[in-house]
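Report on the structure given below.
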Amino acid sequence: MKLSVIVTGPDVQGHLRECLDSVAGQSGAESELLVVPADEAARTECDGYAARVLPVEPSAPAARHAGAAAASGEWLLFLDSKDLLLPEAVRTLVEHADTPADVLLFDHVRAYWWDPARPSTDTKLLAAAGHEARGLSAAPTLLDVTPLLGNRALRAAFYRDRLDSGLLDDPAPAGELATAYASLLLADRIACLDTALLAERRLRRASLPPLTAEQHYALFDEYEEIWALAENAPASVRGVLYDRMTADYLRIIARPGLLPEELAPEFFRRACEHAVRFRPEGHAAPDGLAGVRQNLLVKGQFAAYRTLQKANRKQRDLTATLQKRKRKLGASVRRRRYEKARSRPVDRELAVFSAYWDRGVACNPGAIAAKLAELAPEIHPVWVVGADKVPLLPPGTDHVVPGSKPYLDVLGRAGFLVNNVNFPNMLVKRPEQTYIQTHHGTPLKRMGLDQMDFPAASKGLNFRALLARVDRWDYSLSANSHSTRMWAHAYPSHYTPLDYGYPRNDVFHRATAADVRAVRAKLGIAPGKRALLYAPTHRDYEAGWTPRLDLAALAESLGEDTVLLVRGHYFYGGSASPLARLRGTGRVIDVSAYDPVEDVCLAADALIADYSSIQFDYANLDRPIVIYADDWEMYSRTRGVYFDLLAEPPGQVARTQDELTEILRGDAWRDSGSAKLRSAFRQRFCEFDDGAAAERVVRRVFLGERPEALPKIIPVEDRTPAPTPEEAA
């Protein structure tokens with residue numbers, strides 16, 4: 001047995017059955033479910049579940065010990081009865097059961113009554129730690145990971161030998177905080193996953209019984225136990241733990257509703273004792289206000305701390321008021337300027353373009369603008385570009401910065417509006433204006449209204465506001481019939497669908513051998529090298545990006561004749577790329593910031609994709625595609641998908657890095673079976689992309705030509721894609 005999930009606690013506000021459902025719905029042959037109820041009422045709720053229900057244990061430490069003693073799994077996961085396991089959590093933990101670690105830390109979401117999937121603050125910490133198992137001294141900031149037992153799996157032997165050996169037992173049984181910290185302090189090695197597997201339910205404070213003074217002060221007993229274990233820890237570990245402890249104490253004192261005012265002086269006094277007694281020698285206080293607060297705690301200056309707290313609160317309120325007034329004034333000025341622009345005649349020889357939230361000349365809008373200059377040079381294009389992106393624009397590009405007076409002017413009177421996302425809510429489209437929504441990919445993941453059942457993906461999206469933006473569209477562009485149907489379902493409105501193909505993909509049918517050679521040379525790909533493009537997509541359950549492949553190991557295993565072109569998703573930016581240490585090796589080339597991405601596709605002999613829409617575009621080249629789907633179940637259930645990619649892939653599918661390596665080292669990546677899968681995929685998803693999409697759009701939308709006068713779509717089997725790198729050489 002790989003994993004034992006041990007549910008402990010009472011049936012708090014009727015959440016126990018939801019908790020058990022979240023586990024029972026995914027438990028497999030390599031996992032088991034045990035329940036240690038806190039009372040008979042909770043025991044009754046366990047009826048009907050395939051779980052081992054142990055005798056009642058009213059205290060949480062006793063319940064954990066009883067559950068661990070009865071468990072048969074190599075790993076233990078203690079789950080509070082109010083919390084939930086996210087889909088595929090058990091499978092993910094079982095897959096990582098062979099990690100050489102005592103503790104496996106993972107991410108979680110916080111479930112509030114108003115938001116069931118708010119991301120935690122731990123994602124970046126876990127991503128920065130990487131996937132390699134290591135000791136706490138090598139990554140002391142792991143002590144800043146939220147101290148829950150539900151966000152870590154513990155090796156059973158480790159729990160029984162160290163955590164349940166008497167160190168944290170009578171006369172003061174350890175609470176969750178002490179046990180969570182002890183798991184890290186006592187572990188030889190800790191492994192991390194920046195994937196959310198737990199939903200920690202935060203109950204309304206008003207719905208809970210008030211804590212007694214003894215319960216408030218119990219926190220000090222827990223930190224006594226924690227410091228007893230940390231006595232011989234490295235200075236770096238004790239420093240992080242000290243800052244965490246003092247921050248916990250000050251948070252409880254400062255946050256309204258956490259501590260009765262009459263208990264605050266005594267709580268501060270006890271916190272001061274700990275701040276003095278456990279302060280590591282030579283410890284430097286944090287920078288800024290956090291350091292000032294910590295120093296006041298160390299000195300025991302409660303009155304000064306309260307004075308500072310009141311002054312800060314007053315300053316925050318004043319700043320918030322001033323900012324609100326400034327925003328209101330700015331909005332009023334912009335509204336008047338925009339209304340003035342809208343009072344002027346619409347200019348049908350002016351077109352406003354934007355792509356990817358004002359990132360610059362790119363994607364379908366970029367390809368349309370280029371064709372517009374060729375077929376209708378009398379129509380003047382103006383690009384909306386963020387101030388930080390202006391230096392990256394092609395020379396001579398006419399542009400406006402969002403919010404500026406020129407921006408409001410062109411937005412109010414331009415005859416054409418082109419975007420691959422949406423213009424801001426302030427836009428009031430005039431009847432004389434034509435708005436074309438180009439989109440920026442073929443949808444595998446759920447979009448628009450179809451996200452309503454996936455709160456982790458929609459993250460509080462205002463669907464009414466979304467529909468108001470959709471109602472401004474005149475045209476919606478599609479690359480295939482699948483997209484047309486999905487857009488109609490996700491974005492129901494009165495717009496006209498244009499089944500013309502994606503203009504950005506025209507280059508895949510028009511590029512020459514010289515173009516392919518030129519871009520490979522620009523990227524530094526030596527002649528004769530096989531270039532594999534790895535382009536993973538964004539995961540809604542991850543706040544940061546850690547490549548899901550060990551890129552150095554993959555490059556090494558594929559040999560010197562293979563180069564990996566790695567492109568991180570644009571959501572993550574490039575400055576903090578985890579590829580930094582691999583740059584300059586010549587074996588892994590970071591192309592995250594290289595534009596346009598179509599050039600990178602032309603340079604690649606094959607694509608390694610996961611769930612990114614780039615696979616639909618790349619398929620136009622009729623080159624091999626390999627799908628690396630290590631977390632398909634988690635992604636599909638968390639984000640929602642329109643079809644099963646693993647059942648209808650564009651090529652070979654790998655579920656592990658070893659499988660991927662085997663496919664790429666042999667001929668499976670480009671064999672006849674792969675070609676057959678790709679052919680079916682191209683027929684379905686490259687339906688309208690034949691190299692003339694931009695021409696169709698310009699002639700129909702900007703020049704007003706009738707649909708029957710536009711270039712006919714060439715069947716997939718009759719098209720000639722751009723030469724492969726091998727052919728170009």
Side-chain angles (χ1 to χ4, degrees), residues 315-363 365-366 368-369 372 376 378-393 396-438 440 448 459-476 491 493-495 701-702:
Q315 182 61 45
R316 283 197 303 270
D317 292 344
L318 177 61
T319 301
T321 300
L322 292 175
Q323 289 177 340
K324 185 177 180 180
R325 288 177 182 173
K326 184 178 179 181
R327 287 195 299 269
K328 189 174 181 180
L329 178 61
S332 177
V333 171
R334 287 192 296 273
R335 185 169 56 253
R336 288 197 300 271
R337 286 177 176 172
Y338 182 50
E339 289 173 354
K340 182 178 179 180
R342 291 182 62 244
S343 69
R344 299 171 60 187
V346 168
D347 186 351
R348 295 295 289 180
E349 293 188 352
L350 177 63
V352 174
F353 289 83
S354 180
Y356 295 121
W357 299 274
D358 309 330
R359 292 171 59 87
V361 180
C363 192
I368 292 171
L372 186 68
E378 69 278 7
I379 298 179
H380 180 64
V382 177
W383 282 86
V384 181
V385 183
D388 60 324
K389 303 297 181 184
V390 169
L392 304 178
L393 288 173
T397 302
D398 194 1
H399 65 278
V400 293
V401 175
S404 66
K405 186 176 181 180
Y407 165 81
L408 297 168
D409 178 65
V410 297
L411 202 63
R413 64 185 183 87
F416 299 93
L417 305 168
V418 186
N419 209 327
N420 70 352
V421 285
N422 264 305
F423 285 101
N425 291 341
M426 67 167 290
L427 173 68
V428 179
K429 194 182 80 69
R430 302 166 67 178
E432 304 93 335
Q433 291 180 310
T434 301
Y435 186 155
I436 175 171
Q437 169 58 253
T438 74
H440 55 276
K459 291 184 171 63
L461 177 64
N462 185 329
F463 291 102
R464 289 185 180 275
L466 172 65
L467 287 179
R469 293 190 292 271
V470 171
D471 285 343
R472 300 184 306 214
W473 303 353
D474 291 299
Y475 297 104
S476 170
Y491 306 116
S493 193
H494 57 264
Y495 54 80
V701 176
F702 292 86

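Along the sequence shown, residues carry numbers from 1.
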Are Tyr356 and Asn419 close enough, and set up right, to give a side chain to side chain contact (heavy atoms under 4.5 Å, CB included), and what steps lead you there?
CA-CA 8 Å; Tyr356 295 121; Asn419 209 327; over 6 Å; no
Test side chain to side chain contact (heavy atoms under 4.5 Å, CB included) applied to Val401 and Val390, step by step
CA-CA 8 Å; Val401 175; Val390 169; 4.3 Å; yes
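The side-chain tip of Arg348 points at the ring of Phe416 from less than 6.0 angstrom away and within 45° of straight on.
Every pair tested for side chain to side chain donor-acceptor pair (under 3.5 Å) that includes a residue from residues 399-408 fails, sequence neighbours excluded, so the list is empty.
The shortest heavy-atom contact between Val346 and Ala414 is CG1-O, 4.0 Å. The minimum heavy-atom distance linking Trp473 with Tyr495 is given by the pair O-CB, 3.5 Å. Considering all non-hydrogen atoms of both residues, His380 and Asp398 come closest at NE2-OD2, 2.5 Å. When all heavy atoms are compared, the tightest approach of Gly448 to Phe463 is O-CE2, 3.3 Å. Here the closest non-hydrogen pair linking Trp383 and Gly366 is CH2-N, 3.5 Å. For Leu408 against Gly403, the heavy-atom pair with the smallest separation is CD1-O, 4.2 Å.
Within the 4.5 Å cutoff, side-chain heavy atoms of Val382 are placed close to those of Val400. Looking at heavy atoms from C-beta onward, Leu427 lies in side-chain contact with Leu417 at the 4.5 angstrom threshold. In this structure the side chain of Tyr491 never reaches within 4.5 angstrom of the side chain of Ser476, judged on heavy atoms. By the 4.5 Å heavy-atom criterion applied to side chains, Val384 and Val352 are counted as neighbours. Inter-residue side-chain proximity for Ile436 and Asp474 is flagged as unmet; no heavy-atom pair is nearer than 4.5 Å. Looking at Leu466 and Val470, their side chains come closer than 4.5 Å, going by heavy atoms from C-beta outward. Two residues are said to be in side-chain contact when any heavy atoms from C-beta on lie closer than 4.5 Å; Arg469 and Phe423 fail this criterion.
Here the two rings, on Tyr435 and Tyr475, have centers that are 6.0 Å apart or farther.
Side-chain atoms of His494 and Asp471 form no donor-acceptor pair, as typed in the model, at a separation below 3.5 Å. Side-chain atoms of Ser343 and Arg413 include no donor-acceptor pair closer than 3.5 Å.
Atom CG of residue Leu411 and atom CZ of residue Arg337 lie 14.0 Å apart, to the nearest 0.5 angstrom. Atom-to-atom distance recorded for Glu349:CD and Asp347:CG is 6.5 Å, nearest 0.5 angstrom. In this structure, the separation between CG on Leu350 and CD on Glu378 is 12.5 Å, given to the nearest 0.5 Å. Summarising the geometry, atom CG belonging to Leu392 is positioned 11.0 Å from atom OG1 belonging to Thr397; distances are rounded to the nearest 0.5 Å.
Of the charged side-chain nitrogens involved, none lies within less than 4.0 Å of a carboxylate oxygen, so that Asp409 and Lys340 do not count as a salt-bridged pair.
The main-chain N or O of Arg342 is found under 3.5 Å from a side-chain atom of Arg430 such that the two form a donor-acceptor pair. Between the side chain of Lys389 and the backbone N or O of Leu393 there is no donor-acceptor pair closer than 3.5 Å.
With sequence neighbours excluded, no residue forms a ring pair (Phe, Tyr, Trp, His ring centres under 6.0 Å) with Tyr338.
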